[in-house]
Amino acid sequence: MVGVIRRLNVVRELLNIRAGPGAALLPKEVTKVHMQFAHRLEGGHMGPRKFWRENLPKLKYWNPAVPMVINRTTDQKGPAVMTIYFRDGKDANPSSTPFPTSSAEGSSPAPKPAQGERIVTIDMKNRNSSVILQEFLAKTGAVTLEPTAKDQEEFREFEDLHRRSEIDRERIKKLNDAKKREKAMLAKAMSDAQSIKAASA
């Protein structure tokens, strides 16, 4: 049972990261992506946080060569901005310029564009993650990816496996409940027998 659950989790994670909102190929002109938002949800940071959790992993999966950096701050009143870096000219090679690593302490703000690079920003504050995604796709020209036939087949297999797992889980629960009831009845019978024996002594 543990092995089945582990397999279900692996399949679910793989399907979730390969398909769905955020599964898209970025054009070669996009060189980097930077996101800055606060740790907590209040103050208009819920949408950016959800985008980071649900959409960004898919973008990273399909665009492994594009650095995507997150800068999370403690300033709930601060901005929530996405900065997209584009190659400005066919001969430009800004990807060789060092880019900061992600930070949970607000120590990796968006750097200025390198030579041969331009930026486009998206104000994410107080906006739904789906709206942020649509603007991101429109401004980058990314091509969305539909689930392949293999993805759909694996999803059906996952649903079937999940359904069978639920049936097995319910069956095992009923068996365990029956054993508990039987054990409780046996314990009560033994207790009653001891009481009768003590009373007749």
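Between Pro111 and Pro100 the shortest heavy-atom distance is CG-CD, 3.9 Å. Between Lys77 and Lys125 the shortest heavy-atom distance is O-NZ, 2.9 Å. Shortest non-hydrogen contact noted between Arg72 and Arg49 is NH2-NH1, 3.2 Å. Contact detail for Leu137 and Ala24: the closest heavy-atom pair is CD2-CB, 3.9 Å. Here the shortest heavy-atom pairing between Gly106 and Pro109 reads O-CD, 4.4 Å. Considering every non-hydrogen atom in both Gly20 and Lys58, the closest pair reads O-CD, 3.7 Å.
Between His45 and Arg40 there is no side-chain heavy-atom pair separated by less than 4.5 Å. The side-chain heavy atoms of Trp62 and Leu26, taken from C-beta on, include no pair separated by under 4.5 Å. The side-chain heavy atoms of Pro21 and Ser130, taken from C-beta on, include no pair separated by under 4.5 Å. The side-chain heavy atoms of Phe136 and Val33, taken from C-beta on, include a pair separated by under 4.5 Å. Annotation: side chain of Tyr85 is not in contact with side chain of Pro67 (no heavy-atom distance under 4.5 Å). When side chains are defined from C-beta on, Lys32 does not count as touching Val69, because their heavy atoms never get closer than 4.5 Å.
Within 6.0 Å of the CE atom in Met46, the count of heavy atoms belonging to other residues, nucleotides or ligands does not exceed 12.
Rounded to the nearest 0.5 angstrom, Lys50 NZ and Leu56 CG are separated by 15.0 Å. Taken to the nearest 0.5 Å, the CD atom of Glu135 stands 9.0 Å off from the CE atom of Met82. Remark: Ser129 OG to Met124 CE distance equals 11.0 Å, nearest 0.5 Å. Atom CD of Glu117 sits about 3.5 Å away from atom OG1 of Thr31, to the nearest 0.5 Å. Considering NZ of Lys183 and CG of Asn176, their distance stands at 11.5 Å, rounded to 0.5 Å. Going from atom CG of Leu133 over to atom CD of Glu54 covers 10.5 Å, rounded to the nearest 0.5 Å.
Looking only at distances, no side-chain donor or acceptor of Ser108 sits under 3.5 Å from a matching main-chain atom of Asn71.
Follow the hydrophobic side-chain contacts under 4.5 Å out from Phe51 and you reach Val120 in the same cluster. Ile119 and Val81 fall into different hydrophobic clusters, where Ile, Leu, Val, Met, Phe, Trp and Tyr are joined by side-chain heavy atoms under 4.5 Å apart, directly or via other members.
With respect to Ile122, the side chain to side chain contact (heavy atoms under 4.5 Å, CB included) criterion is satisfied by exactly one of Thr140, Ile84, Thr83: Ile84.
Using cut-offs of 30° and 60° on the angle between ring planes, the pair Trp52 and Phe37 is tilted.
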